[in-house]
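Count residues from 1 along the sequence. Owing to the predicted nature of the structure, the values given are computational and were not obtained by experimental measurement. Counting starts at 1 for both ligands and their atoms, in listed order.
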Amino acid sequence: MTTVMVTGGAGYIGSHAVLALRAAGFDVVVYDNLSRGFADALTGEAFRGVPLVQADVGDRKTVQETVRRYGVQAVMHFAALAQVAESVAQPALYFRNNTVQGLELVEALLDSGVNLFIFSSTAAVYGEPAVVPIPEDHPTRPTNPYGMSKLSFEFVLESLARARGLRYVSLRYFNVAGADPQGRAGERHDPETHLIPRVLRAAAGDQPVEIFGTDYPTPDGTCIRDYIHVTDLIDAHLLALRALLTSTEAFTRVYNLGSEKGYSVREIVAAAEKVVGKPLTIRELPRRPGDPAMLVASSARIRQELGWQPRLGLDAILATAWAWEKRRPGAARRTRDAES
Ligand code: UDP
């Protein structure tokens, strides 16, 4: 049985990875400092018996103890800070967490004999796109410290692959949304900045939906993004893990993960109205600084090389996210807060 360490396993995407890894027969150990994740995300039958090591990824001693104690053979590294505005205000925090601590983690793993690594990267490494859909060989010119900290870590991985035989897959996520179709996990950020959960929270609390910018050079004036269901995203991680486990030589890959379809903010709001079954009030606000008009992935590379195929479209994203929103821990409290 292969044991996989999931950093950030108490967070949104990491908790879905834990479920999928267990369903596929892997042993899992979660490694999370709970700074942004929630210990109670790992309660419930589906998570029974999954150990949680509460520590920073930069804590080499604890990383190495965890590898020894659980016999870790591969790592999925989700733990990171991921808010663009916060990264602009506190860049050092982002480089320290996402790049420097990440480096400590990978070195500690290599020193312990673990050389299989899957990294949660981001479309933010591209910055303002020169062409859409965006292929992996598009220039990387991140426009904020969040994207820079993730791109810097990709350089760390590339260099350690050459110098020390690290085998890795870096997955550049576009807009991840939706929840576990069985309702065992879902999105839960505090504060929540992402469009889909914000629209659904607004719907649940009878609050207006805020649209940031209606004067973009797009057909309806609002930003276009590529939304990918978290279940499809995690499928790609499982394919990457299998590729790493069966590779016999140097293996370094960078893949985009997106659906290759773009939806505008207004289209998302219209689709959400259908799912929640009522019209939503819209508040049009100025642009949010740093938002590119349009981000859509080309995921041709991972489709061709690993046979990945996203299956769940926008309706499934919204339906699973809405089912989760209605039962999410803290949902009632937040709704009351929103009303006060
Ligand atoms: N957005 C919006 N209202 C919100 C949250 C987001 O209009 O309440 C817009 C945001 O400006 C961007 C798009 O929705 O154009 C997606 O934003 P999100 O934060 O979900 O993802 P990002 O693409 O920034 O990673």
Side-chain angles (χ1 to χ4, degrees), residues 11-13 36 80-89 94 98 120-129 132-134 142-151 171-179 186-230 233 256-273 276 280-297 314 317-318 321-322 324-325 334 338:
Y12 166 43
I13 302 174
R36 303 285 160 115
L81 299 178
Q83 288 174 27
V84 170
E86 184 182 56
S87 81
V88 174
Y94 272 67
N98 295 354
S120 306
S121 190
T122 169
V125 300
Y126 297 115
E128 193 68 47
V132 178
I134 304 172
T143 53
N144 55 64
Y146 166 63
M148 291 173 193
S149 70
K150 290 273 181 171
L151 182 60
L171 298 170
R172 294 177 175 167
Y173 305 169
F174 282 65
N175 289 60
V176 189
E187 188 161 8
R188 199 171 151 203
H189 294 116
D190 193 11
E192 186 53 75
T193 59
H194 293 123
L195 177 66
I196 288 179
R198 279 175 57 85
V199 168
L200 298 177
R201 283 186 195 191
D206 287 321
Q207 297 290 307
V209 171
E210 297 180 337
I211 295 187
F212 301 139
T214 53
D215 60 347
Y216 283 97
T218 58
D220 70 18
T222 65
C223 286
I224 292 175
R225 293 288 180 276
D226 178 336
Y227 295 88
I228 173 85
H229 195 288
V230 64
L233 182 97
N256 284 340
L257 292 181
S259 70
E260 306 188 308
K261 286 192 210 53
Y263 292 98
S264 73
V265 175
R266 286 195 204 281
E267 285 173 327
I268 295 293
V269 176
E273 285 180 323
V276 304
L280 300 172
T281 320
I282 287 171
R283 220 168 118 210
E284 295 184 0
L285 294 170
R287 292 183 180 196
R288 200 171 62 175
D291 278 343
M294 184 169 179
L295 292 174
V296 177
L314 184 61
I317 288 175
L318 287 166
W322 180 233
W324 170 256
E325 177 55 36
R334 274 168 225 273

Contact summary for [X] and [Y], nearest pair of heavy atoms:
X: P129; Y: M294; value: CG-O, 3.1 Å
X: G147; Y: P142; value: C-CB, 3.6 Å
X: Q83; Y: Y94; value: N-OH, 3.0 Å

Practice problem: Tell me the residues surrounding ligand 1, counting only those with a heavy atom closer than 4.0 angstrom, sorted by chain and number. | Solution: N175, T193, H194, L195, R198, E210, I211, F212, C223, R225, Y227, V265, R288, D291
Quiz item: Distance only, no hydrogens: is a donor on one side chain within 3.5 Å (strictly under) of an acceptor on the other, for N256 and Y126?
Solution: yes
Self-check item: Partner of R198 under side chain to side chain donor-acceptor pair (under 3.5 Å), chosen from E210, H189, Q207
Solution: E210
Quiz item: Does the distance from a Lys or Arg side-chain N to an Asp or Glu carboxylate O, for E284 and R266, drop under 4.0 Å?
Solution: yes
